Each structure stands twice: as structure tokens, then as C-alpha cells.
Amino acid sequence: DRNIASPGSGYRNYYNVGGGGISSIVSNGLITIGNNAASNNTMTVTNANVWSRGLTVGNGASKNSVVVLADSVWTLLNQNIVVGTNAAVGNTVTLSGGTMTNVNELRIGITNSSVGNRVTLSDGGKLFVAGAIAVGHSPGCSNNAFNIGGAGASSTVSNGAEFGVGGLLGGAYGCSSNTVTVTNANVCSGRLIVGNGHSFNTVRVLAGAAWNVATNGVGITTGFNDGATGNVVVISGGTVTNAGLVRIGWNNGNGGVDRIVNNSLSINDGGRFFSGNVILGSVKWSVNQTNNAYNVGGFGAVSTVSNGAITVGQYGPANTMTVTNADLWSGALLIGNTIGVNTNAGSNVVQVLTNAAWDLLGNAVTVGTTNGSTDNSLTIRGGAMTNIGPLTVCPTNTLNVYAGGVLTAVTLTNHPDARIGVDVLATGNFAVTDNAALNGVVLATNLPAFGIRTCTILTCGGTLSGNLSLGPLPPRYSGLI
């Protein structure tokens, strides 16, 4: 084994491998750069081939660094890379054109007080990991970072197991504010976990980045288990594909789980996202799993998204999905799903706004359920939601078709006590090509200041049935259906 800077000799020591001329060859055991309070030590590899039985940068030590430059290949012999462990702050590994391969696991900031440690790839740097990658893993470690890509040639990262940001599944809770940023790079990984019982962890996939989540199971989980708050995945100009099942705000069904709030997945500025089913707010046993969000589209170029079935509010209340400035294809949509565990899946919201085109591919849309899922809503305002098969609005849930909105379905079932919201002065375009069972209440908004106004609630190409009534109007207004 090789220690660069042990106690008593631990400041500004250097280990330089390779340089000009013929490529150098080095074989070591475990290499440790900065051990037991030894700081500001550096290892540089260029124009060399290195074999070692693992690498540790900062073991109870801070501000140590390793740099792997062009024309260098470092083989880790199926051992781990650890950057920051045991009260380690500000340790770094940089691959600028170099390659590290045959790595078992990469762990960045893995124990209590491991703070601000970082791994960076740029200018064609390559990293190949057989097992897991963990960016922040234990209680008390925070602000660790993995920056993939940047200037120069496109960089590459590949790992064959879980990619965890703020904890791996099965790890301890309490690790926050860790980040992964991908730009001008290709990433191929196992499932992505962002915030396993931890908070404020972030993944950003930016322009020039392509991330293949190569899994047939659970691909992405944002906000998992008790205490997972404010974890974020943002696809802004980049691409994430083959993502499998996606879960935003989720737990594994254990009793007593709470405080899984404000977790989100967002796609904007021309981002592209391709996945299987999406489940938003899936937490049993508690009412406090709220304000998790799925944001499809936003500023910049039009985004492109393809999903399987989408559930907004599976057990959990007050979750939100917003579609704007995006093209979306999906399977069935269910808003507010209660499956015999509790009746908390209420007040979930889906909005289809300006410049949104959502194609349901002939699948069903259901707002609420008939067994206690209440006050969920689907609002079409300025966007289009088309090619729906059966559309069902359950009791005490709401469908709104407002100004500029387009909604087309094959059939409509509007249950008694369900609500349909219409904009009187700027009606949307709501069409049912076959039969429509219209019950419940119409809620009229944006009424004229004076005079008589007629608006169309929907057009029906088949048989129209049911008993629809007009909801309360402001003073001095009257109306009929």
C-alpha cells in the first residue's frame, strides 16, 4: 500500500506519475492521498498506466487531490474509489482526459462530517464502475458533488448498479445537499435514487448530456422514505432514456412514514425524457406526503416526454403535475388513487397549460376514485389533451376546460356530485366522439359584466344522458343549462 502524507508528514506532499516521453507504468496496492488530518497533498497522473488496489482521497483529512490527465489509464483491480471519509472536507478527484476503469464502487462523502468532496470529469474523461455510485451516503455528510462532463470532448461514466445521490437504498438516513451535474457527457447507470431519507439532493442533466438508466425495474426515485424533502431531478436540455418505473415522493409501505414532501422531477428547455410508468406521491399510512411535483416542459425550447401510465397522488394528497411548452405521450392517467389503505389521495392537481400537446394514445383518464378520493382536479387551460379513450370524473372531483383548452375523448362519464368548470367568456373546446353521461354540477367562471351570454360545455357525437345542474352564481346573475 502507498500512503501519501500520513500523520506528522501530512502537508503538501506530491506523487507524480508519468510525464513527457514514453508512457510510464506503476503498480501499487491501496493508494491513500491524505490520511488522518494530512491535508493539501496531491497525486498527478499523465501519460501513464497505473494499477492499484483501490484509491482513497481524504481519510480523516481535507483538501487532498488526485488529477488524471490525457493518455492515462488507471485500473483499480475491482476495488473502490473513496473520496472523503471520516471527517474529510474538500477532497477532489479530477479526470481531465484520463480514464479510471475496473472500479468496484465509487463513494463520494460516505461518513459523518464528510463535506464538500468532489469528483469531476471533463475533456473526454472516462470512468467505468462495476457496482454502485454513491454521492453522499451517511448521516452528517453533505454538499458532496459529482460533476460529469464540461469543456472539451464528451466524457463518459458507466456503472452497473445503483446510482445514489443522498444515500443508497438500505443506507442510513440524514445526508443532504449533495449534487450531480451532467453536461456534454454520456452516462449509463443502474437505477437512480435521489434522497433516500435525505433532503435537498439534486441531479441536473443539461445540454449535451445523455443518460441511459439501463434497468427494466425501478429506474428513478426522487424522495424516498421518512424525511425525504426537497430532492430534485432537472432535465434541462439533456436526455434521460430507458428509465423504467419513475417514483416521485415514495416509501416502501412501512407504517409511521411521514414528511416526504416537495420532491420533484422537471423537464425544460428542450429536455427529453423517456420512461415507463410514473407514480407521484405514493406513500401509505400518512397524510403528510404533499407537494411532490412532476413538471413537463417550461422555459426555452419545447420539451419531449414519453411515459407509461401516470398516477398523480397514489395514497398521498396535494401532489401536482404541470404540462406546458411540451409534447407528451403517455399511457392512462389517474389523479388521486386510493387502494384500500387510506383515503388521503385528495387535492391532487394536473394542469395542461399553454403550448402543451398531450396525446393519451387511446388510454383512459380518471379524475378521483369512487371510494373516498376527493377534490382532485384536471384543468386544461391553453393546452391540448387529446386521443383519450374513456374519461371519468368521480364524485366530488373536478374537470376544468378553460380558455384555449382542447380536450377530446371517446366517452365521458361524469358522476353525480362531480364538477365541470367552464370559462363563460373564453370557452375551451371539449369534444366527446361517442356517448357522454353528464351528471354533477357545472361551475361557471369569468362571467360577463352585463348582457346575456351562451357558452358550449361540450359537443357529443353519440348519446347524451344524465342530469347536469348549474352551480351557484354570484349575486345578480342567473343561468340555466
Side-chain angles (χ1 to χ4, degrees), residues 221-224 228-231 245-251 253 257-266 277-297 305 307-324 328 330-353 356 358 360 363-381 383 385 388 391-402 405 407 413-415 417-421 440 443:
T221 301
T222 304
F224 174 70
T229 300
N231 298 287
L245 173 63
V246 176
R247 304 181 294 201
I248 308 166
W250 180 80
N251 87 298
V257 175
D258 204 346
R259 299 186 306 279
I260 302 178
V261 301
N262 295 323
N263 303 285
S264 66
L265 169 59
S266 300
N277 296 346
V278 176
I279 301 175
L280 175 60
S282 177
V283 189
K284 301 178 183 179
W285 314 112
S286 176
V287 299
N288 294 323
Q289 291 73 46
T290 63
N291 299 321
N292 300 290
Y294 182 31
N295 303 310
V296 178
V305 174
N307 299 142
I310 300 173
T311 302
V312 180
Q314 186 181 56
Y315 312 118
N319 302 284
T320 302
M321 178 178 177
T322 302
V323 187
T324 183
L328 169 62
S330 80
L333 170 65
L334 175 56
I335 308 171
N337 185 29
T338 300
I339 313 176
V341 177
N342 55 34
T343 57
N344 296 325
S347 302
N348 297 287
V349 174
V350 173
Q351 304 177 86
V352 184
L353 306 179
W358 186 347
L360 270 292
N363 292 290
V365 171
T366 306
V367 185
T369 61
T370 57
N371 63 334
S373 177
T374 63
D375 296 315
N376 301 285
S377 66
L378 169 61
T379 297
I380 317 297
R381 189 194 300 270
M385 194 172 189
I388 300 168
L391 170 59
T392 304
V393 185
C394 294
T396 68
N397 296 277
T398 303
L399 169 65
N400 301 308
V401 185
Y402 290 151
L407 182 66
T413 302
N414 207 64
H415 284 265
D417 297 324
R419 301 177 287 257
I420 294 180
L443 303 178

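In this text, all values refer to a predicted model and were calculated from it rather than measured experimentally.
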Does the side-chain contact (heavy atoms from CB on, under 4.5 Å) test come out yes or no for V246 and L280, once each step is laid out?
-> CA-CA 8 Å; V246 176; L280 175 60; over 6 Å; no
When rounded to the nearest 0.5 angstrom, what is the spacing between CG in L399 and CG in L391?
-> 6.0 Å
Closest non-hydrogen atoms of G336 and T369, given as atom of the first, atom of the second and distance, are O-CG2, 3.3 Å
Where the side chain of N307 meets the backbone of N277, is there a donor-acceptor pair that is under 3.5 Å apart?
-> no
Quick one: does L333's side chain get under 4.5 Å of N363's, heavy atoms only?
-> no
Can you tell me if T398 uses its side chain to pair, donor with acceptor, with the backbone of S377 under 3.5 Å?
-> no
Minimum heavy-atom separation for N376 to V367, with atom names?
-> O-CG1, 3.7 Å
Distance-minimising heavy-atom pair for V323 and A356 | O-CB, 3.5 Å
Test side-chain contact (heavy atoms from CB on, under 4.5 Å) applied to L407 and N400, I388, V352, the passing residue | I388
Do H415 and T392 pass the side-chain contact (heavy atoms from CB on, under 4.5 Å) test, and can you show the C-alpha distance, the side-chain angles, and the key distance before you say yes or no?
-> CA-CA 8 Å; H415 284 265; T392 304; 3.8 Å; yes
Passes side-chain contact (heavy atoms from CB on, under 4.5 Å), N337 versus N348? Steps please.
-> CA-CA 10 Å; N337 185 29; N348 297 287; over 6 Å; no
pair I420-V393: side-chain heavy atoms closer than 4.5 Å | no
For N291 and N262, indicate whether the former's side chain and the latter's backbone hold a donor-acceptor pair under 3.5 Å.
-> no
Could you pull out the closest heavy-atom pair between G368 and C394, with the gap in Å?
-> O-SG, 3.4 Å
Please assess M385 against V365 for the test side-chain contact (heavy atoms from CB on, under 4.5 Å), listing each intermediate value before the final yes or no.
-> CA-CA 10 Å; M385 194 172 189; V365 171; 4.0 Å; yes
Atom pair OG1 (T324) and CG (N295), whose distance is rounded to the nearest 0.5 Å | 10.5 Å
Just by distance, do the side chain of R419 and the backbone of T396 share a donor-acceptor pair under 3.5 Å?
-> yes
What's the spacing between N319 CG and N292 CG if we round to 0.5 Å?
-> 5.0 Å
To the nearest 0.5 Å, how far apart are CD1 in I380 and OH in Y402?
-> 11.0 Å
Heavy atoms only: give me the nearest N263-I248 pair and the separation to one decimal.
-> O-CG2, 3.6 Å
At what distance, to the nearest 0.5 angstrom, does OH of Y294 lie from OG1 of T322?
-> 11.5 Å
One should read off an interatomic distance between M321 CE and W358 CH2, to the nearest 0.5 angstrom, of 3.5 Å
May I ask you to decide if S373's main-chain N or O and N397's side chain share a donor-acceptor pair within less than 3.5 Å?
-> yes
